[in-house]
Each structure stands twice: as C-alpha cells, then as structure tokens.
Protein chains: 4
Amino acid sequence: MSKWMNYIIKEGSKENKLTKKQENILIAAVELISEKGYEKVSTAEIAKRAGVAEGTIFRKYKTKRDLLDAIFIPSFMRFVKPIVIKEFISTVLDKDYNTLESFIEVIVRDRYEFAKDETPLFRIIIQEIISQDYIKEEIKEMFLIDAYPVFTKLIKRLKDKNEIIDVDEITFFRIIITNVLGFLIPRFVLFPDLQWSDEKEINMTIKNIIKSLS
Amino acid sequence: MSKWMNYIIKEGSKENKLTKKQENILIAAVELISEKGYEKVSTAEIAKRAGVAEGTIFRKYKTKRDLLDAIFIPSFMRFVKPIVIKEFISTVLDKDYNTLESFIEVIVRDRYEFAKDETPLFRIIIQEIISQDYIKEEIKEMFLIDAYPVFTKLIKRLKDKNEIIDVDEITFFRIIITNVLGFLIPRFVLFPDLQWSDEKEINMTIKNIIKSLS
Amino acid sequence: MSKWMNYIIKEGSKENKLTKKQENILIAAVELISEKGYEKVSTAEIAKRAGVAEGTIFRKYKTKRDLLDAIFIPSFMRFVKPIVIKEFISTVLDKDYNTLESFIEVIVRDRYEFAKDETPLFRIIIQEIISQDYIKEEIKEMFLIDAYPVFTKLIKRLKDKNEIIDVDEITFFRIIITNVLGFLIPRFVLFPDLQWSDEKEINMTIKNIIKSLS
Amino acid sequence: MSKWMNYIIKEGSKENKLTKKQENILIAAVELISEKGYEKVSTAEIAKRAGVAEGTIFRKYKTKRDLLDAIFIPSFMRFVKPIVIKEFISTVLDKDYNTLESFIEVIVRDRYEFAKDETPLFRIIIQEIISQDYIKEEIKEMFLIDAYPVFTKLIKRLKDKNEIIDVDEITFFRIIITNVLGFLIPRFVLFPDLQWSDEKEINMTIKNIIKSLS
DNA sequence: GATGAATGAGCATTCATTCAT
DNA sequence: GATGAATGAATGCTCATTCAT
C-alpha cells in the first residue's frame, strides 16, 4: 500500500478507527474510480472488489459521494495545501531555501512526487476538479483565506530581494498552478504512455515559472 | 450560435439535413455535457432543455453515446487534425511561415482561438480524452498514420536550417501537445475565472515550445 | 407471389383497391411476422422492407393489429372454412366423394397443400391460435353456427351407410382437427428440416381419422 | 403449487437458495407467460402479480430472458430428456418393459402426465419451440449426442425381435415426437376446452406409433 | 459490525401512432 | 395518397440506499 493511501486511512481513523474491511473499501474505490471514473463505478462493484457485502460501504459512508470525498479531500489537501499553508511557506523561507528558485523547486518536485507515487489519486483529483464546479469555489476560498496573506508576505520578501517582478497574489498563484498542472496532467493523466524525460520536464517547469515571475 | 456549433450542424447535414429540433438537441447537449459531464446528464434533461420529446433524440441518434460522438468527433478533428494533416503542414511550410517560430505560432494561436470561441466543445474534448481510453489509442493511430511521415519531413527541414535540435517525431509531437494543453486546460477548463493575460501566455507557450526544440 | 398472398390482396381490394405499396406492405408483413413473430416485428421494419414510409402503413390499417388481422383472418378462413361451410360439404357429398374416405382425403390433402404452399401464413395462423385466446372463442362460435348443423346431416348420412360409429358433432370435428394439425404443426412449424415422407404421413393421417371414426 | 413448479424452485436452489419473493416471481412468471406469451408480459406485470418491486426480479435474473430460461430449461429437460438419456432407456429395456409396446406406452403416458399436471409449463415449452429457432438446434444437438447411440442399440434389439421395421434413428425419433406432440398440442394448448377422452387418445397415440414402426 | 435481499426512482431506449406538409 | 419527423407512454434494466436478521 502506498504512503498516501496509508495516510488517508490514518486520517479517517482519527474519529472512527477503520477496520480491515473499511480499508479494503477505500483501496478498491481508489483503484476503480481512478480507472473508470466516479460515475461509471457502482458501489456493488467496489464492494465486490473489496470483498465485502454491498451494504457494508454504507455503514461508514452515508452516501457514495461521501466515499469519494473521503478519498478526494485529504488527497487534494495533501496536493494543494503545502503551497498554501503558512507553516510550509514559513519553513521554506526560513531555511536555506531562501531564494525563489529553491522555493519553486520544492513545490514542483513535491507535486511531481505525489503525482508519480499516487497516480490514481492524482487522476481522481483532476477528474473531480474538471467536473465539479463547487471545488473551484473551494479552491478560491481556500486561496483567499489561507494563501493570500502568506503570499503577500512572500512576494514582498522576494521583491525586496529583487528576485521577482511586481506581481499580485493571484497571478503568482496562477503561474505556479498552471505550469505545474500543465506538466503533470499530460504526463500522468492524458498521455502516461509516451516517452517522457521527467528530469528535463521538471527543470523546464521550474525555469518557466521563474522566468514568468522574474 | 457559435461558428463551430454551426459547423457540427452543417457537417451532420451532409447526409441527413437536420431539422430545427435536431439542432436544438445538439445545442442543448453541448451546453449540458460541457457543464455537468456526459455521465451526469440524462437524455430526459437534454430533451427538456431542447424543448422536444425524449424519443426525438433517438430518432436521429441511436444511442446517447452516438449523440456525444456527433458532437465530439468533428470538434476533436477540428482541434487536432490541422496539426496532423499533410495539407496544413505543407501549406504552412510553403508560405512565408517558413521558420519554426511562425509554424509554432500558427498552431498555438489556432488552438487558442478554438478553445476560446468554443469553450464548451473544448471542455467536452478534454473530458473525453481523460475518461475514454480508446480515444488515446485513436490519437496514437492518427499520429502514426497521418502525422508521422509529415513530421519527418518537417523536422529534417528545420534541422537543416539549424532551427531545431535532433528530436524524434514523437518527442516533437509531445512537446507541442503538452505545452498547448498545459496552457489551455487550466485557462479554459480548470480556472477560467482567474485573471489571465492571454497574449502573454500565448507568447510564453510559443517560446517554451521553441526553447524545448532548439 | 403465391396464390394465396394474391388472394389476401384481392380480398382486401373488394372495398378499397390496394395500391402497389399496400400490396408490398402485406407481403413484407407476412414474411417478417412469419419469421420473427408478430410481437418482435416493428411497423418500421415492415415499412422498410416494403419500401414505404413509416406512416403509410397506418393509412390503410388503423393499427398494427389491424394489419395482422388483414393477413390472419382471410388465411384462417381459407384454412378452416371448407371443413365448416355448407357449400363445401354439400359439394363433397354430392359428388363421387361419396364415401367417408374420399371426404377425409379431400380435407387432409387440401389442408396439407395450403400449409405447404403458404407455409408463412400457416405459421402465422398457428402462432395466433396459440397466443390469442379470443380466436379459440371465434372458432367455437364459427363451429356452432356454421358447422354444427351441416355436421349433423353429414354424420347421419355416413352413419346410415354404416361408415362411421355413433359420434357427436364436436367429437367428429375434434378428431379431424387433431389429426390434421398433429401432422402439419410438427411438419411445417416445429421441425420442417427433418426428413419427411409426406405421402406416407398424409395417408397415415387419413387412416387414423377413419379408424377413429369407424 | 404443482409438483414441477416445486421442482423448478428446488433446482434453482441448488446454487442459490431462493427466497419466498423469488419463488413468487417464478410462479407469477409461469402463470403470466403461459397465459399471454413471453413477449406480451412485462416485467412490471410479473413484479406486480408476485407482489415485489420490479428491481427484485433483476437481482436474481440478470435479464427478462434469464427469467424465462430459469423456467423453460428445466421444464424442457424434464419433458424431453427421458426419451433421450441413456439411463432411462436402459432401465426401460432391462425391465419387463421389454417389448416395443411397453416402451412406447411409458413414453406417451409420461409426456401426457407432464402436460396434464404442468399445463402452464407445457404451454411455455411449445411457445418457445415455435418461436425460438435456436431451440430447434439444441434439440438436434441433444438428439445427436445423447439419443442417437442409445437409439441405435434399441432399434437393433427391437429389430432382432422382429418388433419393428428397419428404420433409421432420426425417423424413429421423429415418429415418436410427432405423434406425442400431435396429441398433446391440440389437447392442452390449442383446444383444452373441447371434450376429450384422454384414455382413448393415449391409446390411439401409442397404437399409431407402433403401427408406424412395425 | 456485517450482511445481502429488497426497494423504487431513474435511466436509456423502443415503437405504434399522429399529423403537418 | 404518401411522407417522415415528432411524440410519449411503456419497457427492460441499473443502482444507490435501506433494513431486518
């Protein structure tokens, strides 16, 4: 089981400890939804692959949607939050990652590692962001509440060092997101079978972000 | 009605002329599928928005999937083929677009115009490519049959002029696709509401492609 | 076109002359219903094979059932009536077919010829008799009104000649029907592909009827 | 509930025990299909008569056709197999039924008992044989694999005793089938309401078969 | 907690029939 | 008379969800 599958299970278990069966349900759901898409997978199918009765899913998750959220939300958080939360950015800035480049590099590589190690979860995240409008609202809100003030500080600091141009917070965010997803979506969702030189792509993504900002 | 909506309708009418009601069905289907995704839209919903009886849909389109294909296939062709078909590339090369930059610029701007003018169709295309594995196969096949030989010539020519490095055809194709979609998907599908400087993004996309190739 | 297909068309034409298209509809309907059964054939299918528009069928026949009746009723009459109607029996009795055997032979051979020459119509008749309870009522009524009195006379006459035992009219009728259908249904509907010695079977059927009656 | 309705339910229960509701579905289906024919009965109608929700039918039987097969196949086997399987024929031959007449009598009376006790099932069998061509193929195959070799032995034996003429296996089979169905179809399917002297008909059927064979 | 039979609203699809042209 | 687009009720079937055991 992957590191993050493990994390989701642990997360869920803060409130109610997950049984082995509940674990299997989550694993089966991630596999199937990632392969076929949320709408095309039936709860009966998930139950069958998980080796449990059809009703068992609904003991823990009131609805099918709840089950998806139990997968999507922590995955999404893990993927997005580090860009967004105070602690992460402070840490980065306080450390030797004191330049723009080291900061961007950490972000890109971390996102890449996640998409690579947890491709099924990454696929689910992308599917959901595309099809669920409400998620875009959540992202916007999350950005405004959590990221905006931190970004203000960060931008000021980098600008003081003459490392970046005078950008507003939204543009700063957008440039990073666009470049990261612009690499990871074709790489892991659309054309995973093509020949990719990942290291080269990562470096180019980093450089593009920096160039856009400086 | 948009230019390309119009095109789909005209296309269909080569064989069987579409009635006003059949037109309304297509328009309603594009709107709804683009908004909610193919799986989440019911034929009853499409019929209702189109102002027709549910049975009317099935007079023209044998299945719900047929209806989607009648929208998807011509849109997809319009989006992808110009990169791929002989005539287009020959034309480009024979004209004053004789340098790499002019060639790339035409491709990027054309794709951008399509995604901008026909955003609902573009959203449908992306949804389908993500969820339908068989489409990836079709793209691969289309590439091998149509694009590969033309690309060979094009690459040779550009290399002779020292405009590009020594890349194989697949890499050439991949670099273009990745960069174009890496811009257009966040721009029109994921975060259409953010503030975008389209002209700047287009230029950066062009430059990134060129840089990757040279 | 077979003799009896021709007859059905002529029959219908007593009131309204059938057009060529209406003829084609009848022909197509007989073929398809005989092959696939009434329920499994759609009016659209019949229209297509007949080379007419879907609506055309309903100009002549108000409902699909009307169309079947236009085929079934005259076919059925042709098949059953001769046993039942006065004129036929009188004719038979007045001629040199003056013995039981000649009478039975005419009936059996006529029925056989019909089933052989008009197998599709015969199949439709059998299908209908099996599935439509109201037809059994019609047969009963037809028997009581038309056949009963004639049979009374016929039976008396044959009994006077000592050719038959003392049977009531219903039994007389039943013995004939059973034996004829007991041969023709397996022969033309159930197992038409087996090797059959028709002449031998016909003779045996005749003999069985006579034996049952004498 | 009849003996064989009971058997169908038990049969099904070898693998999955049938619930009371599933039993009711089978009973309702047999009644309705026998009365109106498979095509004319809707699953909604069956569900209503069985007193269950429509979805309940499809929990056990994936399709409406599966439901019919669950009724038809064991009924058909019960009706046909004894003529066809080794054990039955051996048993018959080894016992005191050592003459042709006793053999034929067992077959005819068994078939008659089935059609009498399970008339609805018998009606369904006949409907199906008439309308489903693939069943005729199955019968042919079953005959060739199971019955043919046993018939060869049986015929040889009877011929050695001078009880029958020199007939091939197919003819032997056909004569029995034709005569049995030629009695039972008019008796139980077409005109069940006529006055029948069953004992007399059975004897005549037996005699006809013997006469045809000797 | 777990089961799986049962539910019933919802779905895509069919098709006899209508009617404006 | 003929057409064929349009209809809408009905059909077989799916599936998330419930609940008695």
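Within every chain, numbering begins at 1; the chains are lettered A, B, ... in the order of the sequence lines, protein sequences first and strands thereafter. Please read these numbers as outputs of a predicted model, since none were measured by experiment.
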d(CD1, I57(B); P, dG8(F)) in whole Å:
13 Å
Strictly below 4.0 Å, N to O, side chains only: are E45(B) and K36(B) in salt-bridge contact?
yes
Would a distance-only check, ignoring hydrogens and angles, find a side-chain to backbone donor-acceptor pair under 3.5 Å from K21(A) to A53(A)?
no
Answer yes or no: is there a side-chain heavy-atom contact under 4.5 Å between D69(B) and Y61(B)?
no
K48(D) has an atom NZ; how far is it from atom P of dG12(F), in whole Å?
15 Å
Enumerate, in order of first residue number, the stems that involve DNA chain E, defined as 3 or more consecutive Watson-Crick or G-U wobble pairs with both distances under 3.5 Å.
E:2-21 with F:2-21
Could you state the CD-C1' distance from E45(C) to dG4(F), rounded to the nearest angstrom?
18 Å
To the nearest angstrom, the CG-P distance between N24(D) and dA5(E) comes to 16 Å
Excluding sequence neighbours, so at least two apart, what forms side-chain hydrogen bond (donor to acceptor under 3.5 Å, both in side chains) with E54(C)?
R59(B)
Checking R123(D) side chain against S34(D) main chain: does a donor-acceptor pair fall under 3.5 Å?
yes
Gap between atoms CD1 and C1', on I33(C) and dA16(E) respectively (whole Å)
14 Å
Can you find a side chain N or O atom of Q22(D) that sits less than 4.0 Å from OP1 or OP2 on dA6(E)?
yes
The answer to which of V52(D) and K21(A) contacts DNA chain E further toward the 5' end, by nearest nucleotide, is K21(A)
Looking at T19(C), is its backbone amide N or carbonyl O close enough to the side chain of K60(C) to form a donor-acceptor pair, meaning the two atoms are under 3.5 Å apart?
no
Does the Y38(A) side chain pair with the main chain of I124(A), one donor and one acceptor, at a distance under 3.5 Å?
no
Find the distance Y61(A):OH to dA2(E):C1' and express it as a whole number of Å.
15 Å
Would you say K40(B)'s side chain and E39(A)'s backbone share a donor-acceptor pair under 3.5 angstrom?
no
Is L26(D) close to Q22(D) at the side-chain level, that is, under 4.5 Å between some pair of heavy atoms?
no
Value in whole Å for how far the C1' atom of dT11(F) lies from CD1 of I46(D)
12 Å
What does nucleotides 13-21 of chain F look like as a protein-contact string, B for base, S for sugar-phosphate only, - for none, at under 4.0 angstrom between heavy atoms?
BB-BBB---
